[in-house]
Amino acid sequence: MSAKNTDSHLRVRMLCEGAMMVALAQVLSYIKLMELPNGGSLTPAMFPIILFAVRWGLTPGLMAGFTFGLLQLIFDGAYAWGWQSMLLDYLVAFTPLGLAGLFNGKKWGIFVGTVVGCLGRFVVHYISGVTIYKILAPTEFMKWTFTSPSAYSLVYNGSYMLPNTIIALVIAAVLYKPLKKYILGQDLGN
């Protein structure tokens, strides 16, 4: 097979895998282990996006994260306070999961990529919480009263993003050995 045909084949394969991983993430997003009152939930949904990013790289990973965010906005009953919130908490927030693609081909890249991607998503949610959802009066959450938008956003968003990160890391640990060849992209002939 010529180099051009190989490149075309890989591009089609990447698009197909991306579509399947985004679809899988969407399905997994309906498995909610916990749901907070102002948005945010505990699901295994981030892992397929992270896996795709680590497997195919940064740009495809960012695109998959953006696409997943768009689907979340459309189908998950978006909890938002205006267009700014929709933009930040969905389209922008899920895109950084693709940062896991920075660790494409690295032996333990799925683990470091999971932490980096989830941290990127947390940062966007934190910024949204401080700027858009900022509390104007003392607010109670988890039996704590907050007067600082920064502290509230840190605790609120951390209360679901830290467990989501742990869930993704556990899934990565369980699947690493049996899927190592695929996680590292060794089946792609690079």
Side-chain angles (χ1 to χ4, degrees), residues 10-35 39-80 86-106 108-128 157-158 160-176 178-188:
L10 282 176
R11 208 175 357 261
V12 169
R13 184 171 176 178
M14 178 195 61
L15 289 171
C16 290
E17 285 185 24
M20 289 188 316
M21 289 298 135
V22 169
L24 178 59
Q26 185 64 31
V27 169
L28 290 174
S29 75
Y30 296 118
I31 301 172
K32 295 186 182 194
L33 307 171
M34 176 189 83
E35 194 166 8
S41 58
L42 208 59
T43 76
M46 293 189 304
F47 183 76
I49 304 301
I50 292 166
L51 173 60
F52 177 76
V54 169
R55 187 165 156 72
W56 288 97
L58 181 63
T59 302
L62 292 171
M63 291 304 298
F66 177 83
T67 304
F68 178 52
L70 182 61
L71 291 177
Q72 287 292 285
L73 177 65
I74 294 169
F75 294 114
D76 199 39
Y79 187 90
M86 287 181 189
L87 181 68
L88 272 180
D89 285 321
Y90 291 93
L91 300 180
V92 176
F94 287 93
T95 303
L97 293 175
L99 292 173
L102 292 170
F103 304 94
N104 169 261
K106 306 287 191 259
W108 300 103
I110 189 74
F111 301 104
V112 179
T114 296
V115 172
V116 169
C118 291
L119 182 61
R121 180 178 167 202
F122 168 77
V123 167
V124 175
H125 286 303
Y126 173 79
I127 291 168
S128 176
N157 292 302
Y160 67 91
M161 280 306 302
L162 181 59
N164 273 330
T165 303
I166 291 168
I167 288 171
L169 286 168
V170 167
I171 294 169
V174 168
L175 295 179
Y176 188 75
L179 295 181
K180 183 177 180 182
K181 173 182 169 182
Y182 301 102
I183 291 170
L184 295 175
Q186 294 170 342
D187 63 314
L188 301 175

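Count residues from 1 along the sequence.
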Fill in: Point-to-point distance, once rounded to the nearest 0.5 Å, from CD1 of Ile74 to CE of Met86
11.0 Å
Worksheet item: Could you go step by step and tell me if Leu33 and Thr43 meet the side chain to side chain contact (heavy atoms under 4.5 Å, CB included) rule?
Response: CA-CA 6 Å; Leu33 307 171; Thr43 76; over 6 Å; no
Worksheet item: Lys180: what forms a salt bridge (Lys or Arg N to Asp or Glu O under 4.0 Å) with it, not counting sequence neighbours?
Response: none
Fill in: Residues in side-chain hydrogen bond (donor to acceptor under 3.5 Å, both in side chains) contact with Ser29, at least two apart in sequence or another chain
Gln72
Worksheet item: Which heavy-atom pair separates Pro163 from Leu42 by the least distance, and what is that distance?
Response: CB-CD1, 3.1 Å
Worksheet entry | Distance (rounded to the nearest 0.5 Å) between Phe68 CZ and Met21 CE | 12.5 Å
Item to complete: State which residues pass side-chain contact (heavy atoms from CB on, under 4.5 Å) with Pro96; sequence neighbours excluded, sorted by chain then number.
Response: Leu99, Val124
Worksheet item: Should Tyr182 and Leu51 count as side-chain neighbours, where that means a heavy-atom distance under 4.5 Å?
Response: no
Worksheet item: Is the backbone N or O of Ala53 less than 3.5 Å from a side-chain atom of Asn104, with the two atoms forming a donor-acceptor pair by type?
Response: no
Fill in: Test side-chain contact (heavy atoms from CB on, under 4.5 Å) applied to Thr95 - qualifying residues, sequence neighbours left out
Leu62, Phe66
Discussion item. The criterion is side-chain contact (heavy atoms from CB on, under 4.5 Å); which residues satisfy it with Pro44, sequence neighbours excluded?
Written reply: Leu28, Ile31, Ile167, Ile171
Practice prompt. For residues 108-125, pull every pair meeting salt bridge (charged side-chain N to carboxylate O under 4.0 Å, His left out), keeping only residues two or more places apart or in separate chains.
Written response: none
Worksheet item: Which heavy atom in Gly69 sits nearest to a heavy atom in Leu91, and how many Å separate them?
Response: C-CD2, 4.2 Å
Discussion item. According to ring pair (Phe, Tyr, Trp, His ring centres under 6.0 Å), who are the partners of Phe111, at least two apart in sequence or on a separate chain?
Written reply: Trp108, Tyr176
Worksheet item: Nearest 0.5 Å, what's the OG-OH distance between Ser41 and Tyr30?
Response: 11.0 Å
Worksheet item: Which residue pairs satisfy the salt bridge (charged side-chain N to carboxylate O under 4.0 Å, His left out) criterion with at least one member in residues 13-26, sequence neighbours excluded?
Response: Arg13-Glu17, Arg13-Asp187, Glu17-Arg55
Item to complete: With the side chain counted from C-beta on, respond yes when Glu35 and Tyr160 share a heavy-atom pair under 4.5 Å apart, and no when they do not.
Response: no
Fill in: ring pair (Phe, Tyr, Trp, His ring centres under 6.0 Å) partners for Phe103, two or more places apart
none
Discussion item. I'd like to know whether CE of Met63 has more than 12 heavy-atom contacts from other residues, nucleotides or ligands below 6.0 angstrom.
Written reply: no
Item to complete: May I have all residue pairs that pass side-chain hydrogen bond (donor to acceptor under 3.5 Å, both in side chains) and include part of residues 57-71, sequence neighbours excluded?
Response: none
Discussion item. Using a 3.5 Å distance criterion without hydrogens, assess whether the side chain of Asp89 forms a donor-acceptor pair with backbone atoms of His125.
Written reply: no
Discussion item. Set out, in order, the CA-CA distance, both residues' side-chain angles and the distance that settles side chain to side chain contact (heavy atoms under 4.5 Å, CB included) for Leu188 and Trp56, then state yes or no.
Written reply: CA-CA 9 Å; Leu188 301 175; Trp56 288 97; 3.6 Å; yes
Item to complete: Please round to the nearest 0.5 Å and tell me the distance separating atom CG of Leu169 and atom CD1 of Ile50.
Response: 8.0 Å
What pairs of donor and acceptor atoms, side-chain ones from residues 112-119 against any protein atom, are under 3.5 angstrom apart with sequence neighbours left out?
unit_1, atom_1, unit_2, atom_2, d
Thr114, OG1, Ile110, O, 2.5

Worksheet item: Among all residues two or more places apart in sequence or in another chain, which pass the side-chain contact (heavy atoms from CB on, under 4.5 Å) test with Leu71?
Response: Val22, Gln26, Phe75
Worksheet item: Are Phe47 and Leu175 side-chain neighbours, meaning at least one heavy-atom pair lies under 4.5 Å?
Response: yes
